[in-house]
Amino acid sequence: MTRTLVTSALPYANGPIHFGHAVGAYLPADCYVRTLRMLGEEALFVCGTDEHGFAITVGAENDGVEYPEYVARWRADIKRTFDRLGIEFDVWSGTSISPHHTELAQDFFRRLSEGGFLIKRASEQLYCPKDERFLADRYVLGTCYVCGAEDARGDECGKCGTWLDATRLVEPRCRNCGSVPEKRSTTHWYLDLPKLRDAHIGEWFQGHPWKANVKAFVENMLADLEPRPITRDMGWGVPVPEDLADGETGKVLYVWFDAPIGYISFTREWADAKGEPELWKRYWKDDSTRLVHFIGKDNIPFHCLIFPSMLWGQQEGYVLPWQVPAMEFYNLQGRKFSTSRNWTIPLDAFFETYDAEATRFYLLSSAPEAADSEWRWEEFQRCVNTSLADTIGNLATRVLRFVAKHHEGRIPAISPGLAEELDRVLLEECGELSDPAPSILEFRFRRATQELIAGAAVGNVFIDREAPWALRKSDPERSAAVLNTAIQWLAWIARAMVPFMPAKAQDLWEMLGGVGPVETQGWPGIPIAGSWRVLEAGTPLGQISPPFRKLTDEEIEAEVAALEARAEA
RNA sequence: GGCGAGGUAGCUCAGUCGGUUAGAGCACUGGCUUCAUAAGCCAGGUGUCGCGGGUUCGAGUCCCGCCCUCGCUACCA
């Protein structure tokens with residue numbers, strides 16, 4: 001029995017999330033958590049929005065609303081998408097509203113300072129006098145001092161690709177209001193990453209079996225590490241603790257510094273809500289906890305290096321990540337998802353037409369585990385029609401309608417002798433049986449979806465071999481036993497479907513006459529002859545209806561055309 | 001520039017420590033079946049494993065070089 005704390009990257013409360021986000025950090029995590037629970041293991045699933053930072057202040061001001069209102073709007077919008085996808089966190093909060101967050105983030109700063117892991121340093125940064133704020137590099141435009149291109153962004157020139165120093169741009173201007181920024185000296189605190197690496201984090205990282213994409217990337221960074229600023233001149237964020245500010249004012253913790261602390265704040269919020277305020281320590285301060293961060297690859301530095309450094313630097317026994325199953329990127333029909341270029345799938349319309357559970361399955365089956373991958377409408381259609389409707393859905397209807405017609409809608413009887421014989425046929429002679437759970441626990445979600453479908457295919461082979469429609473006349477007892485076995489197999493499928501499609505799994509379970517939540521049946525694993533049947537003969541079936549609607553060529557073609565039309569508009 | 005990942009059948013991909021005639025799904029063709037959502041089952045593969053070298057009894061797999069695609073490059077989060 002293990003205990004696992006699962007986090008999904010905190011989405012930034014500055015816009016809607018799309019399927020690329022969902023498949024990168026949220027769906028796999030939800031699937032993983034559901035699998036652990038089916039296996040009887042303890043898991044806690046934590047998420048919420050990341051609500052500080054410069055980009056949010058700009059977004060809110062452009063919309064003419066106060067910061068808290070702005071982030072509350074996106075917090076709700078993002079949550080709605082998760083709800084529709086059936087992603088169920090144990091706690092959902094936000095870094096600007098979670099009760100312990102400010103104090104905890106300040107505490108992190110304080111303890112790092114006491115540990116000697118912070119460096120105070122002055123630097124020159126660009127300040128916009130009109131907007132009265134310091135500008136992040138990417139919010140400054142100007143002429144590239146390398147190639148002369150105009151409208152280069154302060155962090156990188158779009159023309160020549162050079163990584164720029166914003167303060168050296170020729171004719172710089174504020175991206176927001178166009179005025180000329182001035183250089184101002186400002187003091188900030190830096191996290192001494194080289195020191196933390198040498199003290200512990202380097203060794204810790206090396207001694208751990210990471211996913212290939214994580215390992216290569218971080219090893220590289222470890223070799224060439226520099227102190228990183230963790231404060232910012234801004235009014236929106238967690239203030240630097242006054243007692244440590246040395247008279248400096250207007251400083252807040254950098255958003256990336258406070259954001260991952262949100263995982264802990266939210267866990268505390270969850271524990272408070274349960275009426276056991278100390279319970280969060282069971283997850284964060286017990287060595288035996290497995291901390292798993294689901295993220296997109298853009299988040300690897302933070303979750304494999306910086307946040308672990310912050311945690312360890314507390315010297316308070318915080319657990320460090322056990323695994324960071326970072327996904328690569330997910331594109332849409334050959335291009336990057338882009339809200340500004342209208343290369344997106346409008347989700348409100350999408351969920352009115354398409355099934356969220358089938359969408360979960362398709363997303364997991366195409367997840368960018370080892371390389372970038374993409375949503376393709378044609379593949380979505382193929383997946384829904386072939387794998388879900390034909391292989392799983394049709395297996396259910398072909399068996400259940402037969403039973404409805406010839407056995408009064410009740411699960412037919414089976415004798416011990418026939419059970420033994422049919423177990424052998426089904427479990428040994430109808431194709432290879434595989435258990436999706438080990439794949440899920442290794443973060444191989446694509447393979448896991450294939451294994452589920454392979455299981456349903458075994459059911460189809462079994463029915464064809466035994467042909468109960470023919471046996472009905474020649475050997476009615478065997479015909480009944482075959483149908484009993486097929487229904488038991490559907491029950492296996494329903495249970496195995498839970499991590500991928502929890503609601504559909506429940507629908508199927510009830511169609512089979514199953515009572516109560518299918519999750520409570522536990523994970524079915526690979527059936528063992530003689531002990532895998534869970535439904536009683538004589539049990540009345542539920543209402544039979546095809547679990548998955550097939551998608552027509554016309555509607556898929558229309559979706560692709562609409563996508564392209566929106567992008568051109 | 002630096003780093004990384006990919007390049008395997010028409011399409012999407014799997015190939016663990018190097019080891020038989022390189023696999024799966026889809027698509028396609030033929031046959032069977034008629035319980036079922038025009039679903040199901042069976043059978044059918046002459047692939048330069050990106051290119052060129054090398055190591056080895058043996059390379060898709062390891063080493064070197066090159067070509068192509070994509071991503072990341074931390075003061076956006």
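Each chain gets a letter, A, B and so on, in the order its sequence line appears, and its residues count up from 1. None of these values were measured; they are calculated from a predicted model.
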Can a salt bridge be assigned to the pair [X] and [Y] using a cut-off of 4.0 Å between side-chain N and carboxylate O?
X: A:E219; Y: A:K215; result: yes
X: A:R184; Y: A:D233; result: no
X: A:R549; Y: A:E555; result: yes
X: A:D372; Y: A:K297; result: yes
X: A:E429; Y: A:R465; result: yes

- Task: Could you tell me whether A:A370 contacts a base, only the sugar-phosphate backbone, or nothing, with contacts defined as non-hydrogen atoms closer than 4.0 Å?
- Result: sugar-phosphate

- Task: With heavy atoms under 4.0 Å as the rule, sort A:N385 into base, sugar-phosphate or nothing.
- Result: nothing

- Message: Closest-nucleotide mapping onto RNA chain B: is A:P11 or A:E328 further toward the 5' terminus? I mean the 5' end.
- Response: A:E328

From [options], nucleotide with atom closest to [X] side chain:
X: A:F548; options: B:U33, B:U37, B:G40; answer: B:U37
X: A:W469; options: B:A5, B:G40, B:U34; answer: B:U34
X: A:R232; options: B:G15, B:C72, B:C75; answer: B:C75
X: A:V461; options: B:A14, B:C41, B:G71; answer: B:C41
X: A:P547; options: B:U37, B:G71, B:C76; answer: B:U37
X: A:P229; options: B:U37, B:C75, B:C76; answer: B:C75
X: A:R446; options: B:G40, B:C13, B:C76; answer: B:C13

So does [Y] get a backbone contact from the side chain of [X], meaning a donor-acceptor N/O pair under 3.5 Å?
X: A:K504; Y: A:P547; value: yes
X: A:E374; Y: A:G334; value: yes
X: A:R121; Y: A:Y190; value: no

Can you tell me the Watson-Crick or wobble partner of [N], both distances under 3.5 angstrom?
N: B:G10; value: B:C26
N: B:U16; value: none
N: B:G45; value: none
N: B:U61; value: none
N: B:U69; value: B:A5
N: B:U55; value: none

Distance, rounded to the nearest Å, where [X] contributes [atom1] and [N] contributes [atom2]:
X: A:L395; N: B:C35; atom1: CG; atom2: P; result: 16 Å
X: A:N394; N: B:A38; atom1: CG; atom2: P; result: 8 Å
X: A:E374; N: B:U12; atom1: CD; atom2: P; result: 9 Å
X: A:F302; N: B:C72; atom1: CZ; atom2: P; result: 14 Å
X: A:I295; N: B:C72; atom1: CD1; atom2: C1'; result: 13 Å
X: A:L253; N: B:C76; atom1: CG; atom2: P; result: 17 Å
X: A:Y330; N: B:G6; atom1: OH; atom2: P; result: 19 Å
X: A:E369; N: B:A14; atom1: CD; atom2: C1'; result: 12 Å

- Message: Could you check whether A:Q125 and A:R232, counting side-chain N and O atoms only, form a donor-acceptor pair closer than 3.5 Å?
- Response: yes

- Message: Tell me whether A:F402 and B:C35 count as stacked here, given that the ring centres must be under 5.5 Å apart and the planes must differ by less than 30 degrees.
- Response: no

Rounded distance in Å between the [atom1] positions of [N] and [M]:
N: B:G60; M: B:U20; atom1: C1'; answer: 16 Å
N: B:C62; M: B:C17; atom1: P; answer: 8 Å
N: B:G71; M: B:G45; atom1: C1'; answer: 34 Å
N: B:C42; M: B:C51; atom1: P; answer: 35 Å

- Note on the structure: Output for pair (A:S309 OG, A:L193 CG), nearest 0.5 Å, gives 5.0 Å

Just N and O in the side chain of [X]: are any of them under 4.0 Å from OP1 or OP2 of [N]?
X: A:K297; N: B:G4; answer: no
X: A:K550; N: B:A38; answer: no
X: A:R175; N: B:C76; answer: no

- Reading nucleotides 24-30 of chain B from 5' to 3' and marking B where a protein heavy atom lies under 4.0 Å of the base, S where only the sugar-phosphate is that close, and - otherwise, the string is --S----

